Amino acid sequence: MPSWHSADLTTLPDALAAMWAEYHLCVLSTLDRDGAPHAVPVGVSLDPEQGCAWIITRGGSQKVANLRRDPRLAVTQVDGGRWSTLTGTGEVRTDEASIARACERYAARYRPPGPSEARVAVRISVEKVLASAQLLG
């Protein structure tokens with residue numbers, strides 16, 4: 001399986017970086033209390049400048065509860081035969097600066113998010129990037 005093992009997201013191959021900038025929803029996979037996978041659609045935004053990726057969500061969501069218990073995750077996006085997965089860990093952040101940064105990155109890829117009092121940010125520390133061969137070549 002093709003993978004990219006650089007911790008520096010600024011060095012992604014052009015085609016791979018471009019796919020992570022296009023409008024594609026992703027599937028976030030976390031682990032439930034019993035170890036079963038919990039997979040839900042989310043928006044994910046790369047932040048090469050800060051060396052991470054971001055998700056915005058509600059603080060009371062199941063994905064947040066799962067990440068607080070076990071931070072391991074994977075997020076995958078698919079577009080026809082092109083696909084890419086980020087694996088790593090997620091840290092739930094409630095501080096204003098993190099939420100603002102996550103919302104800024106989300107708006108750049110998708111659209112400006114509406115207001116939400118319950119919003120938190122998930123900062124993804126990317127350990128590995130998997131992708132279809134055409135995105136790495």
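The model shown is predicted, which means the values in this text are computed figures rather than measured ones.
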Original post:
Which distance, rounded to the nearest 0.5 Å, do you find between the CD1 of Ile99 and the CD of Glu104?
Top reply: 14.0 Å
Original post:
Any idea which heavy atoms bring Ser98 and Arg93 closest together, and the distance?
Top reply: OG-CD, 3.1 Å
Subject >> Residues clustering with Trp54 (ILVMFWY side chains joined when closer than 4.5 Å, directly or via others) >> reply: none
**OP:** Sequence neighbours left out, what passes side chain to side chain contact (heavy atoms under 4.5 Å, CB included) with Thr76? Give chain and number order.
**Re:** Val78, Thr85
Original post:
CG/Leu67 to CG/Leu73 distance, rounded to the nearest 0.5 angstrom?
Top reply: 5.5 Å
Original post:
Say you draw a straight line from CG of Leu130 to CG of Leu135; how long is it, rounded to the nearest 0.5 Å?
Top reply: 11.5 Å
Original post:
What heavy-atom pair brings Leu9 and Val129 nearest, and what distance separates the two atoms?
Top reply: CD2-CG2, 4.4 Å
Original post:
How would you list all residue pairs meeting salt bridge (charged side-chain N to carboxylate O under 4.0 Å, His left out) that involve residues 40-50, not counting sequence neighbours?
Top reply: Asp47-Arg101, Glu49-Arg101
Subject >> Pairs flagged by ring-ring contact (aromatic ring centres under 6.0 Å, His included) wherever residues 117-137 is involved - sequence neighbours left out >> reply: none
Table please: side-chain donor-acceptor pairs of residues 14-22 below 3.5 Å, with sequence neighbours left out.
{"residue": "Trp20", "atom": "NE1", "partner": "Ser84", "partner atom": "OG", "Å": "2.9"}
{"residue": "Glu22", "atom": "OE1", "partner": "His24", "partner atom": "NE2", "Å": "2.7"}
{"residue": "Glu22", "atom": "OE1", "partner": "Arg82", "partner atom": "NH2", "Å": "2.7"}

**OP:** Could you state whether Ile56 and Val75 fall into the same hydrophobic cluster, counting links through intermediate Ile, Leu, Val, Met, Phe, Trp or Tyr residues with side-chain heavy atoms under 4.5 angstrom apart?
**Re:** no
When the side chains of residues 25-45 are checked against the rest of the protein, which donor-acceptor pairs come out under 3.5 Å, sequence neighbours left out?
{"residue": "Thr30", "atom": "OG1", "partner": "Asn66", "partner atom": "ND2", "Å": "2.9"}
{"residue": "Asp32", "atom": "OD1", "partner": "Asn66", "partner atom": "ND2", "Å": "3.3"}
{"residue": "Asp34", "atom": "OD1", "partner": "Ala36", "partner atom": "N", "Å": "2.9"}
{"residue": "Ser45", "atom": "OG", "partner": "Arg105", "partner atom": "O", "Å": "3.2"}
{"residue": "Ser45", "atom": "OG", "partner": "Tyr106", "partner atom": "N", "Å": "3.4"}

Original post:
With sequence neighbours left out, what residues match Ser61 under side chain to side chain contact (heavy atoms under 4.5 Å, CB included)?
Top reply: Thr57, Arg58, Lys63, Val64
**OP:** With sequence neighbours left out, write down each residue that passes side-chain hydrogen bond (donor to acceptor under 3.5 Å, both in side chains) with Thr10, or none if nothing qualifies.
**Re:** Asp8
**OP:** Name all pairs fulfilling the side chain to side chain donor-acceptor pair (under 3.5 Å) condition that reach into residues 108-121, sequence neighbours left out, sorted by first residue then second.
**Re:** Gln77-Arg109
